[in-house]
Amino acid sequence: MGHNHERHIAIILAAGKGTRFKSKKPKVVHNILGKPMIHYVSLAARWSNPERIIYVVGHGKDHVIKAINCLNCTYVEQKEQLGTGHAVAQTKPYWENFDGIVMILNGDLPLVEGETLKNAVKYMEALMRFEGASVESENRDYRNEKIAGVVITTKVPNPLGYGRIIKDKHHRIIEIVEEKDADHQTQQINEINTGIYLFYAPYLKEVIDKLQNDNAQNEYYLTDVVKLLNQMGKEVYALLVPDYTQFIGVNDRWDLAKAENILRMKYLQFWSYAGTTFHNPETVYIEFDVELSPDVEVFPGVSLKGRTTVGEDTIIEEGVVLKNAKIGKNCRILKGSVIENSTIQDNAVIGPYARIRDNAVIGQEAQIGNFVEVKNSTIGEKTAAKHLSYIGDAEVGREVNIGAGTITCNYDGFQKHKTVIKDRAFIGSDTMLVAPIIVGEEAITGSGSVITKDVPDKALAVERSPMKIVENYAEKRKKRKRKNDG
Ligand code: UD1
Ligand code: CA
């Protein structure tokens, strides 16, 4: 059998408590851009195309497994969190007879790129396949028996907290020394262990049970595997990746914030190259599942969440929040509007300060203005509700005009009822529409009316007490006051 490609499996360590998070929840389920941290490591691992992904879970394992959300993955429980070496040891049954590469990843590395892992696998394969410089060897079946592993390393400005890499001139790692076990001189080393390792399974099997916990933290360190492999006469190489931002280990919430910022800027850059303009992108929040289109323009302070999509030429003004919103083409979403689980069709204008929620659908060229709330309603094409209204559980036709202050009174204290307003109806300002109710086509309601009965097509409905004029009332009032003041 040729060894053009070694087989590989991935192991992701996610059993730790994450004590430094000070959280009820396990560390790796905390969200970054709307997805659990573990989601990103999983995605990167999958990109390298492993035969199998094994997760080591323990602390809060049900929550972690739910967050991972992978049916054909393998979950191995680490009952006590005795260290990263102990975590890997729990997975041994899955690779002790495996003739390939075991790739191990810490679960708290949300920024690592799939391509980096792919390259690491290739590098390991290349090392295993050829001896030293004989790269042109015809004999592709040759396996370099000395190669036991590759550790991805990087150089950081501040190595505090990371394991330090001690290596020889040929990039062979002699030892990895944890922060807490490092002497002053070792602490100066700024090449660190990223927490990503590739080992040739048959050799890993030889050493994994030999780890000791006689160190500052009394843990079984996976990093000590390197030393043990060296003692066997095997070699572990450092793959030094210059871009250290990929390898932030998220240990506390401030690391989480830093990691999220880096990832956020990457996504904004991606959408920017795809044709979206961002004004002051530092202030724009965007989640993993959001999709933008060319010639979208996003102003400062906008939040784009969930499965939000935005069509071409749409403008999103300052402070708008979109969550699971489907926004059409050439819409204008004006300052401070909040749109959730709803659809806005092409050329509509929303806001400023509108709120649209619960499966509302706003038709093409409709205008929903300031301080208008639309809930679970469909609004027809070219319909306008431009000021201070509540429209809930309503079906509004096309070219309807809804006057300022109109309210659908949809709730009687027990149940929600439906309001139907047909095409080209004209709802006077401050109309109360007491549902269930139907306002017919081209029907008109007088402003200030409380409408409690259906209005036929083309009819006018007014509900008001007759207005009274009292002449010279101001003078009478003054007189009365003088008398009282006596
Ligand atoms: C680890 C490395 C360190 C490296 C750093 C990179 C060790 C001993 N040290 O340190 O050299 O520079 O990562 O970020 O490995 N976990 C378990 N079971 C356990 C302990 C941990 O599953 O018993 C998991 C955690 O959930 C976490 C990962 O392993 O996802 C790493 O553990 P963590 O405690 O964060 O290791 P570091 O101290 O950061
Ligand atoms: Ca860590």
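Whatever order the structure lists ligands and atoms in, that order sets their numbers, starting from 1. All heavy atoms count here, side chains included; hydrogens, waters and symmetry mates do not.
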### Query
Just checking, K205 and W95: is the charged tip under 6.0 Å from the six-membered ring centre and within 45° of the axis?
no

### Query
Do the rings of F288 and Y40 sit parallel, tilted or perpendicular, given the 30° and 60° boundaries?
perpendicular

### Message
With no hydrogens and no angle check, just 3.5 Å: does a side-chain donor-acceptor pair link N359 and N376?
### Response
no

### Summary
Residue pairs meeting disulfide bond (SG atoms under 2.5 Å apart), one or both in residues 20-122, sequence neighbours left out, come to C70-C73

Once you restrict both partners to nitrogen or oxygen, which atoms of ligand 1 have a protein partner under 3.5 Å, and how far apart are they?
from: ligand 1; atom 1: 9 (N); to: E178; atom 2: OE1; distance (Å): 3.0
from: ligand 1; atom 1: 9 (N); to: E178; atom 2: OE2; distance (Å): 3.2
from: ligand 1; atom 1: 11 (O); to: G163; atom 2: N; distance (Å): 3.3
from: ligand 1; atom 1: 11 (O); to: E178; atom 2: OE1; distance (Å): 3.4
from: ligand 1; atom 1: 11 (O); to: E178; atom 2: OE2; distance (Å): 2.6
from: ligand 1; atom 1: 11 (O); to: N193; atom 2: ND2; distance (Å): 2.8
from: ligand 1; atom 1: 12 (O); to: G163; atom 2: N; distance (Å): 2.8
from: ligand 1; atom 1: 12 (O); to: N193; atom 2: O; distance (Å): 2.6
from: ligand 1; atom 1: 13 (O); to: N106; atom 2: ND2; distance (Å): 2.9
from: ligand 1; atom 1: 15 (O); to: T84; atom 2: OG1; distance (Å): 2.7
from: ligand 1; atom 1: 18 (N); to: Q78; atom 2: OE1; distance (Å): 2.7
from: ligand 1; atom 1: 22 (O); to: A15; atom 2: N; distance (Å): 2.9
from: ligand 1; atom 1: 23 (O); to: Q78; atom 2: OE1; distance (Å): 3.3
from: ligand 1; atom 1: 23 (O); to: Q78; atom 2: NE2; distance (Å): 3.1
from: ligand 1; atom 1: 23 (O); to: L82; atom 2: N; distance (Å): 3.4
from: ligand 1; atom 1: 23 (O); to: G83; atom 2: N; distance (Å): 2.8
from: ligand 1; atom 1: 23 (O); to: G83; atom 2: O; distance (Å): 3.2
from: ligand 1; atom 1: 26 (O); to: G16; atom 2: N; distance (Å): 2.9
from: ligand 1; atom 1: 30 (O); to: L13; atom 2: O; distance (Å): 2.9
from: ligand 1; atom 1: 30 (O); to: G107; atom 2: N; distance (Å): 3.1
from: ligand 1; atom 1: 35 (O); to: D108; atom 2: OD2; distance (Å): 3.1
from: ligand 1; atom 1: 35 (O); to: N251; atom 2: OD1; distance (Å): 3.4

### Task
For the residue pair N330 and D346, confirm or rule out a side-chain donor-acceptor distance under 3.5 Å.
no

### Query
In terms of the angle between their ring planes, are Y200 and Y203 parallel, tilted or perpendicular, with boundaries placed at 30° and 60°?
perpendicular

### Task
Check the side chains of D393 and N410 for a donor-acceptor pair under 3.5 angstrom, ignoring hydrogens and angles.
yes

### Residue pair N119 / T116, side-chain donor-acceptor N/O under 3.5 Å
no

### Message
Please list all pairs meeting side chain to side chain donor-acceptor pair (under 3.5 Å) that have one or both residues in residues 287-297, counting only residues at least two apart or in different chains.
### Response
K35-D289, H279-E297, Y285-E287

### Query
Which count of protein N, O or S atoms is obtained for distances strictly below 3.0 Å from the Ca ion (ligand 2)?
2

